[in-house]
Amino acid sequence: MLNVPSQSFPAPRSQQRVASGGRSKVPLKQGRSLMDWIRLTKSGKDLTGLKGRLIEVTEEELKKHNKKDDCWICIRGFVYNVSPYMEYHPGGEDELMRAAGSDGTELFDQVHRWVNYESMLKECLVGRMAIKPAVLKDYREEEKKVLNGMLPKSQVTDTLAKEGPSYPSYDWFQTNSLVTIAIYTKQKDINLDSIIVDHQDDSFRAETIIKDCLYLIHIGLSHEVQEDFSVRVVESVGKIEIVLKKKENTSWDFLGHPLENHNSLIPRKDTEDPYMKDSYIRKNINQRRETFIFTFNPDVVGLYYRKCQLISKENVTHDTRLFCLMLPPSTHLQVPIGQHVYLKLPITGTEIVKPYTPVSGSLLSEFKEPVLPNNKYIYFLIKIYHTGLFTPELDRLQIGDFVSVSSPEGNFKISKFQELEDLFLLAAGTGFTPMVKILNYALTDIPSLRKVKLMFFNKTEDDIIWRSQLEKLAFKDKRLDVEFVLSAPISEWNGKQGHISPALLSEFLKINLDKSKVLVCICGPVPFTEQGVRLLQDLNFSKNEIHSFTA
Ligand code: FAD
Ligand code: NAP
């Protein structure tokens, strides 16, 4: 609903606007750009009509404010007066009015969850929704039981042994110098990508991705620990162990106190099968009502951000750079293949976030990472739009500067590669980014793979990202074919020309598909992706054989 700042992207007459079925954006009046909105919020004008007071809003009160000139909307428990924002909203007034006088969280998330509305609308904040006290009571009682060590191993084991749906739990134990937090996921497909750990001062958080949910441990530790820690996964039993090093070798009486949303199972955004997600949560609620805090609203917990340092920046094409960021020592985060994160920067006092898909540092195995412990680096291939909002600011960062990086999101699953024989990749522009890790993974980790074909659409030769690496890789590995298609070649070009089309696709996909297991991945400007999916369906590819990358 509240679209991010890139309100005018794509440009008014760009093909990207012509997409059918896409979210429509309305032309904004003169003086109603994001920058104008930021200026208004900083002008000191009373935008809520409450003269700076924050109030507690009941449902009845919220319902009354349902008109354009008096429009309140609740997002994640906070109520905003969005009337002053109406004319600045890229999605138009009608879109905003759909949530007038009600809880707009779901509607908001259907469009763009990453929009930093807290920052954009902070001057419009009216107050919080009135909270139901019963929830808080349960929370504290249950947490006391868990964190003082009264939920011992025997009980966890007992729970795990029970028949029925799986649900996570945790436990902790200690030696003289170490504290181990064990998470029992009861899922076999858990790996080091499934767990994200951050700790800062005494605050410890671990997010475990379990199917389409996130299990959060969030604790204020009772004693200090060192910055570095280790994470182990025992795949066969779905157990994760996080081993923290005590600062002092004393015995801890209890692990710590619960922080916000501790011990919650939270539905993840961007999941493949909403029904499965729902039923998983429902089953767990029924089975484990007494020890779980279930967050029904998936967004009570937003994405968590940690500050990462810019280590290097390298020109890849005239407008695309390879950025290398370093995670803090107190973070464990590995972005799964095909998933993206959000980068956050303050821009003229407002925090702006945009999604980006991490890549490997190179397509070639001889590439050497800077010498530091494994998995401490995240690489991004990012195109700088000189008239864009976010990327020029990113480009201005100096080595050593910081940028916030969110936890990952996305619905791509590597289980799609199981027994895969033929893989087709269709990429346009920076839509190449998810293909990088997919290519690396497919060519090294899928024994059944017979053929990988990449068709890469760009405007000109100068726009092709990692052209020589792709050519070298295709030369080294005969399973890989790469074809470049240009829409606006400047100099003489002997290769393919044009846009994605039935003719190009049917030739590209010509392979003996009869008995093979096949996957087609597609990513690029939204209309490109949408058109590609339609063409693939016309060519009789099934839903399971197509994966399109979109936000
Ligand atoms: P914007 O402000 O969004 O502007 C983009 C373009 O629109 C510019 O050319 C700008 O001049 C033009 N424009 C803006 N306003 C107007 C106007 N009023 N009139 C005419 N033209 C206008 N990008 C990458 O480079 N690498 C990635 O790995 C990557 N991963 C992504 C993953 C996902 C899931 C998604 C959804 C997107 C991804 N993107 C990626 C795109 C990225 O999120 C941003 O959209 C992109 O970087 C543009 O950001 P910006 O704020 O700089 O530009
Ligand atoms: P670009 O350079 O503008 O375009 C790349 C190629 O795609 C060009 O040949 C272009 O042709 C063609 N193209 C553009 N719009 C088209 C359309 N409607 N139909 C058919 N072909 C079209 O691309 P870019 O600036 O790098 O943008 C990449 C896009 O990918 C962004 O929108 C970004 O958000 C998206 N992206 C998404 C993800 C994800 O969802 N996971 C990840 C990365 C990037 P023309 O010469 O005619 O323009």
Side-chain angles (χ1 to χ4, degrees), residues 3-20 22 25 27-28 30 32-35 90 112-114 269-270 316-323 335 338-343 345 347 352-359 378-396 406 408-412 426-438 455-465 484-490 496-501 504 521-532 534-535 547-551:
N3 300 320
V4 210
S6 55
Q7 57 266 63
S8 302
F9 177 61
R13 268 169 290 127
S14 145
Q15 292 190 46
Q16 301 197 34
R17 280 196 189 270
V18 191
S20 62
K25 297 186 178 188
L28 297 173
Q30 191 76 7
R32 293 293 181 271
S33 70
L34 172 71
M35 284 306 164
H112 283 322
R113 181 188 185 208
W114 64 83
K269 186 77 190 347
D270 268 351
V316 172
T317 70
H318 62 102
D319 61 3
T320 302
R321 325 243 187 273
L322 178 68
F323 289 83
V335 180
Q339 300 206 2
H340 53 268
V341 296
Y342 300 93
L343 299 185
L345 281 176
I347 299 180
I352 305 289
V353 290
K354 293 267 169 139
Y356 295 94
T357 313
V359 296
I378 311 189
Y379 293 88
F380 296 95
L381 280 167
I382 297 181
K383 179 166 179 172
I384 309 301
Y385 297 87
H386 292 292
T387 49
L389 178 73
F390 191 80
T391 49
E393 202 61 28
L394 195 67
D395 203 28
R396 271 193 280 278
S406 80
E409 249 192 10
N411 59 13
F412 187 80
L426 297 166
T430 56
F432 172 61
T433 51
M435 310 308 175
V436 172
K437 283 194 184 183
I438 288 181
M455 187 170 259
F456 193 2
F457 296 81
N458 284 282
K459 289 185 199 299
T460 71
E461 276 183 86
D462 290 346
D463 294 314
I464 304 174
I465 298 171
F484 300 111
V485 183
L486 300 183
S487 53
I490 300 168
K496 294 218 155 47
Q497 208 167 318
H499 289 114
I500 193 164
S501 66
L504 271 180
C521 297
I522 179 161
C523 186
V526 174
F528 163 89
T529 307
E530 286 177 350
Q531 192 188 347
R534 278 195 300 276
L535 295 175
H547 183 88
S548 60
F549 289 90
T550 46

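Numbering of ligands and ligand atoms starts at 1, following listing order. Numbers for residues simply follow the sequence, beginning at 1. Hydrogens, waters and symmetry mates are skipped; everything else that's a heavy atom, side chains included, is used.
The shortest N or O to N or O distance between L389 and ligand 1 is under 3.5 Å. Considering backbone and side-chain atoms alike, T550 places every N or O at 3.5 Å or more from each N or O of ligand 1. Among the atoms of F549, some N or O lies under 3.5 angstrom from an N or O of ligand 2. Polar contact with ligand 1: absent for I382 (N/O pair, distance under 3.5 Å). Between H340 and ligand 1, a contact under 3.5 Å exists for no N or O pair. Inclusion of K383 in the set of residues having an N or O under 3.5 Å from an N or O of ligand 1 is warranted.
Interface of G431 with ligand 2, defined as ligand atoms under 4.0 Å from a residue heavy atom, comprises 30 (O), 43 (C), 44 (C). Every atom of ligand 2 with a heavy atom of C523 under 4.0 Å away is listed here by number and element: 37 (C), 38 (C), 39 (C), 41 (N), 42 (C). The N458 neighbourhood of ligand 2 comprises atoms 8 (C), 9 (O), with distances under 4.0 Å to a heavy atom of that residue. Taking a cut-off of under 4.0 Å to the non-hydrogen atoms of T433, the atoms of ligand 2 that pass are 42 (C), 43 (C). Atoms of ligand 2 lying under 4.0 Å from at least one heavy atom of P527, given by number and element, are 18 (N). Listed by atom number, the atoms of ligand 2 under 4.0 Å from T357 heavy atoms are 41 (N), 42 (C). Against a heavy-atom cut-off of under 4.0 Å, T391 is close to the following atoms of ligand 1: 47 (O), 50 (P), 52 (O).
Residues I490 and K459 have side chains not in contact (no heavy-atom distance under 4.5 Å, counting atoms from C-beta outward). Here the side chains of L426 and M455 are in contact, with some heavy-atom distance below 4.5 Å. Residues E461 and F484 fail the side-chain proximity criterion, which asks for heavy atoms closer than 4.5 Å. Counting only heavy atoms from C-beta outward, the side chains of V335 and H340 never approach each other to under 4.5 Å. Residues L486 and I464 are in side-chain contact: their nearest non-hydrogen atoms beyond the backbone lie under 4.5 Å apart. Contact annotation: the side chain of I382 never approaches that of F390 to less than 4.5 Å [non-hydrogen atoms, C-beta and beyond]. Taking 4.5 Å as the limit, some side-chain heavy atom of T529 sits within range of a side-chain heavy atom of I522. Contact of the F549 side chain with the C521 side chain is registered, since non-hydrogen atoms from C-beta on lie closer than 4.5 Å.
At a heavy-atom cutoff of 4.0 Å, ligand 2 is contacted by the side chain of H499 but not by its backbone. When non-hydrogen atoms are compared, ligand 1 lies under 4.0 Å from neither the backbone nor the side chain of T320. Counting heavy atoms under 4.0 Å from ligand 1, residue T433 touches it through the side chain alone. Using a 4.0 Å cut-off between heavy atoms, T387 contacts ligand 1 through both its backbone and its side chain. In Y385, the part holding a heavy atom less than 4.0 Å from any atom of ligand 2 is the side chain.
Not a single heavy atom of A488 sits less than 4.0 Å from an atom of ligand 2. For F380, the heavy-atom gap to ligand 1 stays at 4.0 angstrom or more. Between K383 and ligand 2 there is a heavy-atom distance shorter than 4.0 Å.
Heavy-atom proximity to atom 44 (C) of ligand 1, evaluated over Y356, F432, F390, is greatest for Y356. The closest non-hydrogen atom to atom 43 (C) of ligand 2, taken over V359, T430, L381, T460, comes from T430. Checking P355, G429, G410, P27 against atom 35 (C) of ligand 1, the nearest heavy atom belongs to P355. Comparing heavy-atom distances from atom 4 (O) of ligand 2 across P525, G524, G410 singles out P525 as nearest. Nearest residue to atom 53 (O) of ligand 1 from P90, G388, S33 is G388 (criterion: closest heavy atom).
Looking at every heavy atom in both residues, I378 comes nearest to P358 through CG2-CB, 3.7 Å. Closest non-hydrogen pair, Q339 versus E409, comes out as CB-O, 3.2 Å. Smallest separation of non-hydrogen atoms from L389 and I352: CD2-CG2, 3.9 Å. The two residues G431 and A427 have their closest heavy-atom pair at O-CB, 3.7 Å.
Test T433, T357, V341 against F380 for side chain to side chain contact (heavy atoms under 4.5 Å, CB included) and you get one pass: V341.
Note: H547 and F412 have perpendicular aromatic rings, judged against thresholds of 30 and 60 degrees for the angle between ring planes.
For the atom pair CG of L394 and CG of L343, the computed distance is 6.5 Å after rounding to the nearest 0.5 Å.
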